[in-house]
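First up is the structure itself, then whatever we jot down about it.
All of these numbers come straight from a predicted model, not from anything done at the bench. For ligands, and for the atoms within them, numbers begin at 1 and follow the listed sequence.
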Amino acid sequence: MIRTSQRKPFRATVTVPGDKSISHRSIMFGAVANGTTEIEGFLPGADCLSTIRCFQQMGVEIERLSETAVRVRGRGFEGLKEATSPLDVGNSGTTIRLMLGILSGVPIYSTLIGDESIARRPMKRVVDPLRKMGARIDGREEGRFTPIGVRGGELQGITYESPVASAQVKSCLLLAGLNAEGDTVVREPSQSRDHTERMLPGFGVELEAKGTEVRLKGGQTLTGTKVRVPGDISSAAFILVAALMVPGSRVTVEHVGLNPTRTGILDALRMMGAEVHTEITAHWCNEPVGNVTVSCNNLHGVEIGGALIPRLIDEIPILAVVATQAHGTTVIKDAQELKVKETNRIATTAKELRKLGASVEETEDGLIIEGGTQLSGGHCHSHGDHRIGMAMAIAGFAASGDVVVEGTEAIDVSFPGFAGLIAQL
Ligand SMILES: O=C(O)C1=C[C@@H](OP(=O)(O)O)[C@@H](O)[C@H](O)C1
Ligand SMILES: C=C(OP(=O)(O)O)C(=O)O
């Protein structure tokens with residue numbers, strides 16, 4: 001449980017835990033690489049720990065040197081051994097979808113399971129194209145949902161026009177493509193996060209990425225490397241919004257990833273009238289890293305949609321929270337993907353914000369929020385969704401009474417230490 005209440009203006013400089021997308025990929029790429037991969041700044045969140053456990057079950061030596069330092073001793077794709085029990089991805093969509101790509105091209109049998117939320121999330125988006133490549137996959141409802149079984153084997157490269165802008169679909173197919181015969185090309189309707197394309201070359205993979213198209217040749221091997229993981233901008237978003245909820249506040253988040261495919265939230269906050277200052281100070285594994293400072297002005301409602309959506313997809317619950325404090329109406333559209341996240345985030349965001357007196361309407365593809373509301377105290381629930389739990393805790397920063405959020409153990413999925421950090425603000 002987390003309890004928050006109205007805050008006095010604050011100034012703070014903080015860091016946030018490592019990027020979840022990059023942490024998952026560092027383990028997976030390291031696990032199928034030849035040689036040692038040393039990871040620094042790893043996110044010790046439940047999702048990334050699920051990824052570690054799955055590869056350990058397949059015989060990969062992975063050592064936690066400290067909370068945030070990990071050593072992976074890969075022995076190539078052929079080093080993956082059949083696990084004696086199902087691979088449990090827990091709550092992690094990234095783990096299951098990227099792993100399906102890897103496992104489709106490796107000659108072992110695997111069963112993949114996860115928690116109740118994973119059991120509701122669609123796998124057809126990766127299973128269909130993987131089958132086109134020749135993968136042998138079956139599962140509940142013909143492979144639409146977990147449990148899913150995959151018997152890896154020979155694959156053929158394909159050209160795939162993805163109907164959704166999804167980095168999980170794109171990355172899954174690229175990882176399968178590494179073991180396929182011929183080229184694999186993935187095109188998407190607008191650009192999703194490009195960490196896979198940025199990181200694979202560091203492991204010695206050659207690929208061509210041009211905007212919404214990525215191409216790679218099959219039959220490539222990976223070589224272990226060093227990875228330094230930046231702070232997660234998706235986690236930083238909660239801290240940045242916390243400052244915007246309390247007029248007169250200012251917060252800086254240091255050493256955070258500023259990859260432009262992830263900084264849609266900063267663009268959205270600027271559009272709303274926030275003062276957002278970014279400074280790139282370094283590049284770690286081909287990813288821009290730096291500091292972000294935000295301070296509060298009068299915010300106003302905006303319309304958010306189109307190509308901006310994939311660049312801030314995980315930040316929409318917290319964006320909805322800040323929209324309750326902006327003058328005028330905020331319309332979020334083209335965000336139907338939210339329905340297939342850990343929860344239906346259109347529904348859970350609206351339901352929880354209404355408990356605090358916000359005026360929020362659900363639409364087919366997003367939310368309409370009437371701003372300028374004095375939020376009240378109330379009892380909220382995460383619904384087992386880390387981002388909903390954190391969003392509601394931050395909503396309390398502008399509420400007239402106490403906001404109590406239940407189900408906050410889910411927050412460990414992506415942001416261990418969240419409660420302690422916000423208590424210090
Ligand atoms: O590739 C990744 O690391 C992720 C991609 C996104 O999902 P989709 O690919 O389903 O949009 C995002 O929501 C998720 O938190 C992490
Ligand atoms: C959607 C998310 O993650 P995943 O798809 O990996 O479960 C998230 O972290 O918000």
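- Considering only heavy atoms from C-beta on, Glu406 stays 4.5 Å or farther from Ser382 through its side chain.
- Side chain to side chain, Ser249 and Arg7 fail the donor-acceptor criterion of an N or O pair below 3.5 Å.
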Side chains of residues 212-222: which donor-acceptor partners sit under 3.5 Å, not counting sequence neighbours?
residue: Glu213; atom: OE1; partner: Arg187; partner atom: NE; Å: 2.7
residue: Gln220; atom: OE1; partner: Glu206; partner atom: N; Å: 2.8
residue: Gln220; atom: NE2; partner: Glu206; partner atom: O; Å: 2.9
residue: Gln220; atom: NE2; partner: Lys217; partner atom: O; Å: 3.0

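- One distance of note links OG of Ser162 with CG of Leu173; it measures 7.5 Å at 0.5 Å rounding.
- No donor-acceptor contact under 3.5 angstrom links the side chains of Thr37 and Thr225, judged on distance only.
- Closest approach of Val32 to Ile102, counting heavy atoms only: CG1-CG2, 3.9 Å.
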Run through all N or O atoms in ligand 1 and write down each protein N or O closer than 3.5 Å, as a pair with its distance.
residue: ligand 1; atom: 1 (O); partner: Arg25; partner atom: NH2; Å: 2.7
residue: ligand 1; atom: 3 (O); partner: Ser21; partner atom: OG; Å: 2.7
residue: ligand 1; atom: 3 (O); partner: Arg25; partner atom: NH1; Å: 2.8
residue: ligand 1; atom: 7 (O); partner: Gln168; partner atom: NE2; Å: 3.3
residue: ligand 1; atom: 7 (O); partner: Lys341; partner atom: NZ; Å: 3.1
residue: ligand 1; atom: 9 (O); partner: Ser166; partner atom: OG; Å: 2.7
residue: ligand 1; atom: 9 (O); partner: Ala167; partner atom: N; Å: 3.0
residue: ligand 1; atom: 9 (O); partner: Gln168; partner atom: N; Å: 2.8
residue: ligand 1; atom: 10 (O); partner: Lys341; partner atom: NZ; Å: 3.2
residue: ligand 1; atom: 11 (O); partner: Lys341; partner atom: NZ; Å: 3.3
residue: ligand 1; atom: 13 (O); partner: Asp314; partner atom: OD1; Å: 2.7
residue: ligand 1; atom: 13 (O); partner: Asp314; partner atom: OD2; Å: 3.3
residue: ligand 1; atom: 13 (O); partner: Lys341; partner atom: NZ; Å: 2.8
residue: ligand 1; atom: 15 (O); partner: Asp314; partner atom: OD2; Å: 2.6

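- For Arg53, there are no side-chain hydrogen bond (donor to acceptor under 3.5 Å, both in side chains) partners at least two apart in sequence or on another chain.
- With a 4.5 Å cut-off on side-chain heavy atoms, Glu40 and Val227 do not count as touching.
- A 4.5 Å side-chain heavy-atom check between Cys172 and Met99 finds every atom pair outside the cut-off.
- Contact residues for ligand 2 (protein heavy atom closer than 4.0 angstrom to any ligand atom): Lys20, Asn91, Ser92, Gly93, Thr94, Arg121, Gln168, Asp314, Lys341, Glu342, Arg345, His386, Arg387.
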